[in-house]
Amino acid sequence: MNSVNSFAFLIAFIDLLWLFALMGIPALMTATLLGVYVPKEERRIPQVARIRRSFLLLGAGSALLGGILSILAYFLSKGSEGWTLALLLIPQALGFFVTWNFSRRQALALKAERGWKVPQSSKRTAYIGSDRESAATGVSAWAYLLHILVILITVALVALNWDRIPNPLPVHFDAAGLPDRYAEKSIGSVYTLTILQSLLTALFAGIHFSLRRMRQSLDPSDPQGSLRRQIQLRASNSWMLFLISLIAMIMFSWLQIRSTYDFRGTLPIGLAIAFLLLLTIPIVGFMIYIRRRGLEDEGINRRHGEDRFWRGGMFYFNPQDPGLFAEKRTGFGWTFNFARPTAWLLMTAVIMLPIAAVVATTLFVG
Amino acid sequence: MFIELDLQSEVPIYKQLADQLIEGIASGTLSSGQPLPSVRTLAADLGINLHTVNKAYQALKQEGFLEIHRKQGVIVQPGALPTADSAFRERLGRDLRPLIAEAVARGMKENELQTLMTALYGQVQNPSSQGGTST
């Protein structure tokens, strides 16, 4: 696979994932229409389907536009990766923004016309038994020591073969696996990937501990059943996160070792892509498990599902809610409560992580 | 044990919570020395203000049904529970009086009232969810 082909393949692959996340997932949700809550009995009416269809069509249009612009950019800039990506993702993002707003306005108009309301329950229930701590099953925190072990082994292996690492060493590879940038050999430049790996481990461990402490959100109409389902949901979720982080660990270690130890020739990018595909296994497994056990609606936000708390249909903003995290309105998972300043802090930190990684590599590597 | 609240009830939330905790202790569902969730945790789980939970916990602590420690947190009274002393009996009489008055005014017989009392007593001691039988 030469440089141009693998670049095109990589870009297409990433773009499809990006489009699926932006357009596909909102389109698949039945409980909300472009971030507007739809009552159960209204979900199958033709107007809802029509708005969803027009959203997908407009989205597809902007996706196509991005594709055309990026191909033009590739040829006009004589193969510049940066320009190609920019003219692919930016028009698509802008297109999504416009499409979302347009379709959402239609959805809100339909809501007003049909008088949609979020079902409110004035009941609350919580489990206070003495075994509530042990009821938080799933992966034990100690399991994350495995990640540290992987990192330590990698550090040791690289250290043992220090003398066989070329100087200058390759620190950046193009889409075909050929090195295109070199740096002076130093601890920082050799162990760049390990540093990133450690930061990533810290992030995943942090997520694990936060999820442990997440509040209950039981269904008052079925406390027992709801408790059982939530335990299953959280346990399976913690397993999925553990497996994803472990695969990522191993991938990083493999990259680290492969790109420093007695490096010759090219980096097999195909294997890197195989690792990425491997990551989808725990995710898909988790989704199948949820569907099998009927857990899809268990983790939803029961208390603050009204549209007024969800800015743009996406961002939860509720000053009355002291919690930092809130359950999502559809599917499973948590989102930030952006009325809490800490949420902005954490969000910034998470966004800054890749940026910090890039800065760190440039600083260490020159 | 599950706490179940009705936010629209006439009964204040802290009282619903305190009442249910006492019932838990009465039935043995909450055992002696059993740890309870912290104020923050229970408030978050129920989606109510933590001052409400705190009020319920403090009220029960004052009566002697709960102990609140700095490190261990909130636990059900590990030692002897408060007794039905004269102060309690006086309060109970005061609280029951208006209820009985209305029952009398509505023509309820004394033995009917006693049957109801016995039934409630039995239910509290042996809640059906535990598989206990009560007449």
Side-chain angles (χ1 to χ4, degrees), chain A residues 118-136 209-231 234 298-306 309 316 318-327 329 334 337 339-340 342, chain B residues 1-25 27-54 56-57 60 65-66 72-78 127-131:
Chain A
V118 175
Q120 285 295 33
S121 174
S122 62
K123 303 261 171 49
R124 298 286 161 86
T125 185
Y127 181 69
I128 61 169
S130 55
D131 58 346
R132 68 195 304 283
E133 280 313 308
S134 61
F209 283 110
S210 306
L211 290 188
R212 274 290 154 123
R213 298 173 30 169
M214 206 53 76
R215 64 187 177 196
Q216 290 178 37
S217 182
L218 300 184
D219 181 357
S221 64
D222 177 18
Q224 281 283 20
S226 182
L227 180 67
R228 188 180 27 92
R229 286 190 293 272
Q230 284 212 352
I231 290 175
R234 292 181 192 200
E298 183 50 48
I300 56 164
N301 194 315
R302 285 179 231 278
R303 298 173 196 163
H304 304 290
E306 296 126 7
F309 294 127
Y316 180 67
N318 186 0
Q320 316 293 0
D321 184 352
L324 180 56
F325 295 104
E327 301 79 12
R329 283 201 294 178
W334 290 272
N337 178 2
R340 298 260 85 78
T342 321
Chain B
M1 171 177 162
F2 290 95
I3 297 285
E4 298 182 30
L5 303 176
D6 183 354
L7 303 187
Q8 284 175 354
S9 164
E10 286 174 353
V11 181
I13 301 174
Y14 85 91
K15 185 148 197 326
Q16 291 181 45
L17 182 53
D19 289 348
Q20 288 184 37
L21 288 171
I22 290 196
E23 255 201 68
I25 293 173
S27 65
T29 318
L30 293 177
S31 43
S32 161
Q34 175 175 327
L36 291 176
S38 69
V39 173
R40 255 181 213 279
T41 307
L42 189 53
D45 289 347
L46 287 169
I48 59 180
N49 196 307
L50 49 73
H51 297 299
T52 311
V53 176
N54 198 38
Y57 276 1
L60 291 181
F65 286 105
L66 300 182
Q72 295 161 271
V74 187
I75 56 173
V76 175
Q77 174 62 250
S128 49
S129 58
Q130 274 188 293

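What you see is a predicted model; the values in this text were computed from it and never measured. A note on names: the letters A, B, ... follow the listed sequences, proteins ahead of strands, and every chain is numbered from 1. All values below were derived from every heavy atom in this structure, side-chain atoms included, with hydrogens, water molecules and symmetry-related copies excluded.
Contacts of P223(A) with chain B are made by both backbone and side-chain atoms, with heavy-atom separations under 4.5 Å. For Q224(A), the parts lying near chain B are the backbone and the side chain together; criterion is any non-hydrogen pair under 4.5 Å. Within the 4.5 angstrom heavy-atom criterion, only side-chain atoms of L21(B), from C-beta onward, approach chain A. Within the 4.5 angstrom heavy-atom criterion, no atom of L50(B) approaches chain A.
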*Given D45(B) and I128(A), is the side-chain contact (heavy atoms from CB on, under 4.5 Å) satisfied, shown in steps?*
CA-CA 10 Å; D45(B) 289 347; I128(A) 61 169; over 6 Å; no
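Taken to the nearest 0.5 Å, the OG1 atom of T41(B) stands 8.5 Å off from the CZ atom of R213(A). Distance check: L46(B) CG to Q216(A) CD gives 8.0 Å after rounding to the nearest 0.5 Å.
R124(A) places a side-chain N or O within donor-acceptor distance of the main-chain N or O of G47(B), the cut-off being under 3.5 Å.
Contact residues of residues 2-10 of chain B toward chain A are F2(B), I3(B), E4(B), L5(B), D6(B), L7(B), Q8(B) (heavy-atom distance under 4.5 Å).
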